[in-house]
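For reference, the structure discussed in these notes is given below.
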Amino acid sequence: MTDIPEDHPRYQSLLTRHRIEEGVEKGITSKQGLIAEGRGEAFDYLLGEETIPSADRAERTAAARLLLADRPVLSVNGNVAALVPGETVKLAEVVGADIEVNLFNRTPERMEAIADHLRDHGASDVKGLAADARIPGLDHERAKVDEDGIFAADVVVVPLEDGDRAEALAEMGKVEIVVDLNPLSRSARTAAIPIIDNIIRAVPNIAEHARDLQGASDEELERIVGEFDREAALAEAERAIRGGDLR
Ligand code: ATP
């Protein structure tokens with residue numbers, strides 16, 4: 001699998017599958033993560049496997065919002081850890097965010113395996129293992145977060161999050177940046193900044209925008225955030241998917 005030629009028309013998609021498969025083998029990704037990947041791939045196929053202009057705008061807005069945040073946190077699940085571990089660590093560095101492991105199917109083994117994997121990719125401090133606070137309104141296991149991580153965060157990046165938890169975090173008043181290829185998912189619809197793009201492209205692109213915006217004033221960053229239209233971004237992605245201008 002690692003010998004896939006880069007000019008193969010499905011190169012990115014095959015590479016992604018390979019990473020998810022490896023994630024399952026290493027105990028990082030759950031079997032349900034495989035199914036989530038399949039669902040995501042179908043949307044990505046219809047998007048032409050590219051970052052559409054509205055997603056790029058959402059990614060720039062996310063970068064600006066993260067730079068303005070007091071306590072930003074990047075939430076990491078088994079798919080994110082398998083697909084973009086190093087890129088997540090780099091993004092956290094650029095915007096000064098914490099990284100917290102946050103699993104739908106939480107087991108101590110998977111929590112540890114993901115934290116180790118992130119450390120192998122350069123993370124110095126990985127949160128999520130203390131689990132000393134709860135998100136109100138969710139059942140016990142899925143409510144677990146770190147008191148000084150997601151619980152205290154003002155801005156949270158939640159890629160591939162399940163709808164219930166995205167809604168519960170929004171209820172807590174968090175500004176949510178959701179990365180999800182499905183513009184109709186509840187998570188995307190709950191987000192202040194929905195990013196309809198593959199996590200593989202989105203995370204490095206947010207980091208690139210953040211690097212570009214690092215010298216910008218708060219007024220400039222606030223202007224970027226203020227100009228973002230979440231409804232238009234969702235509608236544009238849905239139009240691209242339904243319109244299917246496949247190349
Ligand atoms: P909701 O409750 O929000 O409607 P769901 O329960 O349908 O979500 P899952 O089935 O858990 O969500 O799937 C996770 C979501 O992650 C799907 O919407 C899928 O499109 C998306 N997804 C999967 N892989 C990727 C990826 N690589 N990049 C971005 N999004 C992805």
Side-chain angles (χ1 to χ4, degrees), residues 10-24 28-52 54-59 62 74-88 91 101-106 110 114 117 135 137-139 141-143 156-171 174 176-207 230 233-242 244:
R10 310 232 65 77
Y11 176 76
Q12 276 299 335
S13 153
L14 292 173
L15 192 70
T16 305
R17 277 189 197 180
H18 180 60
R19 285 196 195 159
I20 288 281
E21 231 182 293
E22 263 185 354
V24 174
I28 289 170
T29 309
S30 70
K31 285 187 193 154
Q32 274 153 25
L34 284 172
I35 298 167
E37 168 61 27
R39 192 200 284 233
E41 259 184 38
F43 287 110
D44 207 17
Y45 187 91
L46 293 169
L47 276 174
E49 291 170 358
E50 63 175 20
T51 300
I52 61 173
S54 58
D56 184 58
R57 278 197 297 280
E59 283 154 12
L74 313 183
S75 171
V76 172
N77 67 15
N79 287 47
V80 177
L83 294 176
V84 281
E87 293 83 347
T88 299
L91 174 60
V101 184
N102 184 15
L103 301 182
F104 187 78
N105 300 300
R106 188 185 175 102
R110 272 215 312 130
I114 293 175
H117 187 64
I135 305 170
L138 290 180
D139 62 78
E141 275 309 297
R142 285 164 56 205
V156 195
V157 178
V158 276
L160 286 59
E161 181 60 286
D162 93 285
D164 281 350
R165 214 159 33 182
E167 281 174 2
L169 285 171
E171 287 274 308
K174 314 282 179 207
E176 278 188 277
I177 299 170
V178 166
V179 183
D180 193 320
L181 278 158
N182 178 4
L184 300 173
S185 84
R186 274 185 302 149
S187 320
R189 299 205 157 256
T190 305
I193 306 173
I195 297 174
I196 313 304
D197 199 5
N198 197 318
I199 185 86
I200 277 200
R201 298 186 297 269
V203 170
N205 198 30
I206 300 170
R230 59 181 296 286
L234 289 168
E236 201 173 310
E238 192 180 337
R239 205 160 37 238
I241 288 168
R242 289 191 194 276

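In this text the structure is predicted, and so the values were computed from the model without any measurement. Whatever order the structure lists them in is the order used to number ligands and atoms, beginning at 1.
- Regarding atom 30 (N) of ligand 1, its nearest protein heavy-atom neighbour is L181 N, 3.1 Å.
- Across all non-hydrogen atoms, the minimal contact from A58 to P194 is CB-O, 3.5 Å.
- For N79, no heavy-atom contact with ligand 1 is shorter than 4.0 Å.
- For the pairing with N205, the side chain to side chain donor-acceptor pair (under 3.5 Å) check across D56, T51, D197 returns one residue only, D56.
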Q. Yes or no on salt bridge (Lys or Arg N to Asp or Glu O under 4.0 Å) for D162 and R186, after CA distance, side-chain angles and deciding distance?
A. CA-CA 8 Å; D162 93 285; R186 274 185 302 149; 5.1 Å; no
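- Residue-ligand proximity, G40 to ligand 1, at heavy-atom distances under 4.0 Å covers atoms 19 (C), 20 (O), 22 (N), 23 (C), 24 (N).
- Atom numbering of ligand 1 starts at 1 in the shown order; those under 4.0 Å from a heavy atom of L83 are 27 (N).
- Counting the atoms of ligand 1 from 1 in the order shown, those under 4.0 Å from a heavy atom of N182 are 18 (O), 20 (O).
- Donor-acceptor pairing under 3.5 Å is lacking for the side chains of T29 and N79.
- Of the protein's heavy atoms, I199 N, 2.9 Å lies nearest to atom 28 (N) of ligand 1.
- Judged by the shortest distance from any of its heavy atoms, I200 lies outside the 4.0 Å radius around the atoms of ligand 1.
- Heavy-atom proximity to S187, at under 4.0 Å, picks out these atoms of ligand 1: 3 (O).
- The nearest protein heavy atom to atom 7 (O) of ligand 1 is closer than 4.0 Å.
- Ligand 1 places these atoms under 4.0 Å from at least one heavy atom of F43: 20 (O).
- The nearest protein heavy atom to atom 12 (O) of ligand 1 is not closer than 4.0 Å.
- Atom numbering of ligand 1 starts at 1 in the shown order; those under 4.0 Å from a heavy atom of S185 are 3 (O), 4 (O).
- Counting only heavy atoms, the protein gets under 4.0 Å from atom 1 (P) of ligand 1.
- Relative to atom 24 (N) of ligand 1, the option among G163, A36, A202 with the closest non-hydrogen atom is A36.
- The one candidate from E41, E37, E22 that meets the side chain to side chain donor-acceptor pair (under 3.5 Å) condition with R17 is E41.
- Looking from atom 27 (N) of ligand 1 to the surrounding protein, the closest heavy atom is N198 OD1, 2.9 Å.
- Of all protein heavy atoms, the one lying nearest to atom 21 (C) of ligand 1 is D180 OD1, 3.3 Å.
- The two residues G40 and L181 make their nearest non-hydrogen contact at O-CD1, 3.3 Å.
- A salt bridge does not link E171 to R165: none of the charged side-chain nitrogens sits closer than 4.0 Å to a carboxylate oxygen.
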Q: Quick one: do E167 and R189 satisfy salt bridge (Lys or Arg N to Asp or Glu O under 4.0 Å)? Show the steps, please.
A: CA-CA 9 Å; E167 281 174 2; R189 299 205 157 256; over 6 Å; no
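- Side-chain contact annotation: N77 with N102, donor-acceptor N/O pair under 3.5 Å absent.
- Using modelled atom types and a 3.5 Å distance limit, the side chains of S185 and D180 yield a donor-acceptor pair.
- Close contacts of ligand 1 with D197, meaning ligand atoms under 4.0 Å from a residue heavy atom, involve 28 (N), 29 (C).
- Nearest approach of A166 to E176, heavy atoms of both residues: O-OE1, 2.5 Å.
- The single protein non-hydrogen atom nearest to atom 4 (O) of ligand 1 is R186 N, 3.4 Å, given as residue, atom name and distance.
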